[in-house]
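Right, one structure below, let's go through it.
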Amino acid sequence: MATKEKFTAVVTLPSDMEVRVARSFHAPRTLVWQAHTVPELMRRWLGYPGWSMPVCEMDVRPGGKFRWRWRSDENGQEFGFFGTFAEVHEPEKLSYDQYYDPGDFALPEGNMSADQPTRIRSTFSEKDGVTTLVTVMAYGSKEARDAAVSTGMTDGMELSYQRLDALFASELGE
């Protein structure tokens, strides 16, 4: 049996206000799409170990709203994101405006803005059973982008993507 290539997120900064994350998965595009749009699947992979996701609401259509909220298993602190879908082209493209909801989880001052949305654009492409997800996050300023990156968000994305790899292996019976 051949060993599958192990993928990791490739992070670049295409402009002063953007972060681009490209990651491939051994899964069909429709399954990768569902993992990003079906709450029951999202709860299984999105987030850090030690955090649960008690709120995952998704109305995946142009103008539809979403709301995600995580809770620390250790101390009950919560934070999340919310926003509105702008474009939904299943299973190829998803874009939305996302706002940070700090809840009662205190990040150092200035690390995440709750006032400015981040425009998220994700494209899903598949070739030979491998789906590549490219996500571009556009911030309102260079300072907002740098502050978001300083939180370790791209490391957190890769950690979540590793959980997603395990979910796909489980769903595909591997």
Side-chain angles (χ1 to χ4, degrees), residues 1-53 56-62 64 66-68 70 80-98 100 112 117-139 144-174:
M1 181 176 175
T3 303
K4 289 185 174 181
E5 179 181 358
K6 185 174 180 171
F7 300 116
T8 58
V10 176
V11 179
T12 57
L13 304 177
S15 77
D16 283 350
M17 296 170 44
E18 295 176 307
V19 176
R20 180 182 186 271
V21 179
R23 176 64 150 77
S24 295
F25 302 93
H26 293 283
R29 178 168 62 173
T30 54
L31 185 56
V32 178
W33 174 271
Q34 290 171 351
H36 286 80
T37 57
V38 176
E40 294 77 21
L41 292 175
M42 291 180 65
R43 283 188 168 107
R44 293 173 57 189
W45 68 271
L46 188 57
Y48 285 95
W51 289 77
S52 61
M53 191 176 193
C56 183
E57 301 167 351
M58 302 281 286
D59 181 10
V60 185
R61 60 182 174 87
F66 70 92
R67 185 170 169 247
W68 309 327
W70 288 270
F81 295 95
F82 64 94
T84 304
F85 291 101
E87 293 180 88
V88 178
H89 300 283
E90 183 178 353
E92 301 165 7
K93 183 177 182 183
L94 186 65
S95 68
Y96 52 93
D97 289 333
Q98 175 179 283
Y100 175 62
M112 291 284 268
T118 302
R119 170 60 58 99
I120 312 288
R121 297 182 325 255
S122 296
T123 56
F124 304 74
S125 59
E126 180 180 357
K127 182 177 181 185
D128 299 328
V130 173
T131 298
T132 299
L133 170 64
V134 176
T135 301
V136 177
M137 294 160 275
Y139 295 86
R145 181 204 66 181
D146 293 348
V149 170
S150 76
T151 65
M153 75 168 192
T154 55
D155 294 335
M157 289 174 74
E158 175 54 32
L159 194 59
S160 287
Y161 288 154
Q162 290 172 11
R163 294 169 65 174
L164 188 53
D165 286 334
L167 173 84
F168 291 148
S170 172
E171 291 292 316
L172 298 171
E174 297 174 353

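Only a predicted model underlies this, so the values are computations on that prediction, with no experimental measurement involved.
Here the side chains of E18 and L13 are not in contact, with every heavy-atom distance at 4.5 Å or above. By the 4.5 Å heavy-atom criterion applied to side chains, T30 and V32 are not counted as neighbours. Between E171 and L167 the shortest side-chain heavy-atom distance falls below 4.5 Å.
A salt bridge does not link E90 with R61: none of the charged nitrogens is closer than 4.0 Å to a carboxylate oxygen.
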Criterion side-chain contact (heavy atoms from CB on, under 4.5 Å) on V21 and V10, from CA distance to verdict: CA-CA 6 Å; V21 179; V10 176; over 6 Å; no
M42 and V38: CA distance, side-chain angles, deciding distance, side-chain contact (heavy atoms from CB on, under 4.5 Å) verdict: CA-CA 6 Å; M42 291 180 65; V38 176; 5.9 Å; no
side-chain contact (heavy atoms from CB on, under 4.5 Å) between E87 and Y96, intermediate numbers included: CA-CA 7 Å; E87 293 180 88; Y96 52 93; over 6 Å; no
Audit row: Q98, W68, side-chain contact (heavy atoms from CB on, under 4.5 Å) steps and yes/no: CA-CA 10 Å; Q98 175 179 283; W68 309 327; 3.6 Å; yes
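Expressed to the nearest 0.5 Å, how far CG of L94 lies from CG of L133 amounts to 9.5 Å. Atom CG of L41 sits about 6.0 Å away from atom CZ of R44, to the nearest 0.5 Å. Between S24 atom OG and E5 atom CD the span is 7.5 Å, to the nearest 0.5 Å. For the atom pair CZ (F85) and OG1 (T37), the distance works out to 8.0 Å, reported to the nearest 0.5 Å. Note that the CG atom of D59 and the OG1 atom of T84 stand 10.0 Å from one another [nearest 0.5 Å]. Separating the NE2 atom in H26 from the NZ atom in K4 is a distance of 6.0 Å, to the nearest 0.5 Å.
A cation-pi geometry, defined here as NZ or CZ lying under 6.0 Å from the six-membered ring centre and within 45° of its normal, holds between R23 and F25.
Checking side-chain atoms of R43 against main-chain N and O of S52 turns up no donor-acceptor pair under 3.5 Å. Although no hydrogens or angles enter the test, the distance criterion places no donor-acceptor pair under 3.5 Å between the side chain of S95 and the main chain of R121. No donor-acceptor pair closer than 3.5 Å links the side chain of S170 to the backbone N or O of A166. Checked by atom type and distance alone, the side chain of R29 never pairs as donor or acceptor with a backbone atom of E126 at under 3.5 Å. Remark: side-chain polar atoms of R20 are not paired, donor with acceptor, to backbone N or O of V136 under 3.5 angstrom. Although no hydrogens or angles enter the test, the distance criterion places a donor-acceptor pair under 3.5 Å between the side chain of W70 and the main chain of L46. Side chain of T118 to backbone of M137: no donor-acceptor contact under 3.5 angstrom is found. For S15 (side chain) and M17 (main-chain N/O), a donor-acceptor pair under 3.5 Å exists by modelled atom type.
Closest approach of M153 to A148, counting heavy atoms only: CG-O, 3.7 Å. Across every non-hydrogen atom of P91 and F124, the tightest pair is O-CB, 3.3 Å. For the residue pair Y48 and G152, the shortest heavy atom distance occurs at OH-O, 3.8 Å. Closest of all the heavy-atom pairs between A27 and T131 is O-OG1, 2.7 Å. Heavy atoms only, all atoms of each residue included: S160 and G47 are closest at OG-N, 3.0 Å. Taking each heavy atom of A86 and P62 in turn, the nearest pair found is O-CB, 3.7 Å.
For F82 and F66, the ring centers are positioned 6.0 Å apart or more. Side-chain rings of H36 and W45 approach one another, their centers coming within less than 6.0 Å.
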